[in-house]
S.K.: 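Quick one: this structure, given as structure tokens, is what I'll be asking you about.
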Amino acid sequence: EVMILDRVMTAAELQASMALTRPNNQAPAIVVPSSAYGKVGEWFAIPTQVWDDGLPLNRLSYAWTKARGPDLMISNFPSVGPMFYCSTSAYYTLTIDASDGALSSRSSVTLRTSRPPQVSAGSDKTVTIPNAVTLSCSVSDDGVPISGTSSRSSSTVYLNWSKVSG
């Protein structure tokens, strides 16, 4: 709306015209996956994006918190996309809060961490042809799948022997 006056505006008129042109502040928008996966003993990121309209002060702050799960480390805190490090296979709930100084938003992600299966191929064997040899191995797993369904009971470890040399 354009107003053309042949006089000086009163303070009330000026204030009313400024209210018409001033956009309303919107809370920051956060996009984070509903679930994420990480390997125990390795740093990993959770893809996260935050947008804001720049109001009221064009300043955003972020805070990641752990709502559930054992201890974990966060680097590059308090950035939008810090790196996470877990030393235990577990399920976590992590929350990100974003604030523009007046309004805030919150979003959560379920994080699952898993340790790779531990495999021992057993002791070295010597065989004389045409005799047979019995190979044995052991495999241990934490039971937490790194991806797929969230059920703890769905973790299956597959074992495959292959010839390396000889």
Side-chain angles (χ1 to χ4, degrees), residues 23-127 132-166:
N24 290 329
N25 183 24
Q26 301 294 315
I30 302 171
V31 176
V32 65
S34 60
S35 62
Y37 311 99
K39 290 183 181 177
V40 170
E42 295 182 13
W43 287 96
F44 56 90
I46 297 173
T48 306
Q49 296 177 337
V50 178
W51 292 279
D52 189 51
D53 58 13
L55 296 173
L57 303 172
N58 201 25
R59 179 185 62 199
L60 273 173
S61 61
Y62 317 97
W64 280 92
T65 55
K66 178 189 61 130
R68 180 180 67 118
D71 289 341
L72 71 139
M73 292 190 290
I74 304 175
S75 74
N76 299 329
F77 185 78
S79 72
V80 171
M83 299 294 288
F84 298 92
Y85 182 92
C86 303
S87 59
T88 305
S89 297
Y91 291 83
Y92 298 82
T93 300
L94 303 176
T95 303
I96 180 173
D97 292 290
S99 174
D100 65 8
L103 300 174
S104 61
S105 297
R106 171 177 283 179
S107 191
S108 296
V109 58
T110 299
L111 171 65
R112 179 182 10 211
T113 58
S114 181
R115 187 177 308 279
Q118 304 297 307
V119 180
S120 171
S123 60
D124 292 345
K125 302 284 183 181
T126 302
V127 62
V133 66
T134 300
L135 302 175
S136 63
C137 71
S138 64
V139 178
S140 63
D141 185 53
D142 59 16
V144 179
I146 194 67
S147 62
T149 174
S150 63
S151 170
R152 289 181 188 261
S153 63
S154 68
S155 180
T156 302
V157 176
Y158 295 95
L159 179 65
N160 184 35
W161 286 95
S162 61
K163 178 180 169 183
V164 176
S165 65

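The residues of the chain are indexed from 1 along the displayed sequence.
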S.K.: Without swapping roles, check the side chain of Ser99 against the backbone of Ser61 for a donor-acceptor pair under 3.5 Å.
M.R.: no
S.K.: Is the ring pair Trp64/Phe84 parallel, tilted or perpendicular, if the boundaries are 30 and 60 degrees?
M.R.: perpendicular
S.K.: Any side-chain heavy-atom pair from Asp97 and Ser104 closer than 4.5 angstrom?
M.R.: no
S.K.: Report yes if the side chains of Asp71 and Lys66 come closer than 4.5 Å at any heavy-atom pair, otherwise no.
M.R.: yes
S.K.: Can you find a heavy atom in the side chain of Thr110 that is under 4.5 Å from one in the side chain of Ser34?
M.R.: no
S.K.: Evaluate the side-chain proximity of Ser107 to Thr48: yes if any heavy-atom separation is below 4.5 Å, no if none is.
M.R.: no
S.K.: I'd like to know if the side chain of Ser108 pairs up with that of Thr95 as donor and acceptor (distance under 3.5 Å, no hydrogens or angles considered).
M.R.: yes
S.K.: Any side-chain heavy-atom pair from Leu94 and Leu72 closer than 4.5 angstrom?
M.R.: yes
S.K.: Any idea which heavy atoms bring Asp52 and Gln26 closest together, and the distance?
M.R.: OD1-O, 3.4 Å
S.K.: Taking Thr113 for its side chain and Ala90 for its backbone only, find out whether a donor-acceptor pair lies under 3.5 Å.
M.R.: yes
S.K.: Between Asp142 (side chain) and Arg115 (backbone), is there a donor-acceptor pair under 3.5 Å?
M.R.: yes
S.K.: What heavy-atom pair brings Tyr62 and Ala98 nearest, and what distance separates the two atoms?
M.R.: CD2-CB, 4.3 Å
S.K.: Would you indicate whether the side-chain heavy atoms of Tyr91 and Arg68 approach each other to under 4.5 Å?
M.R.: yes
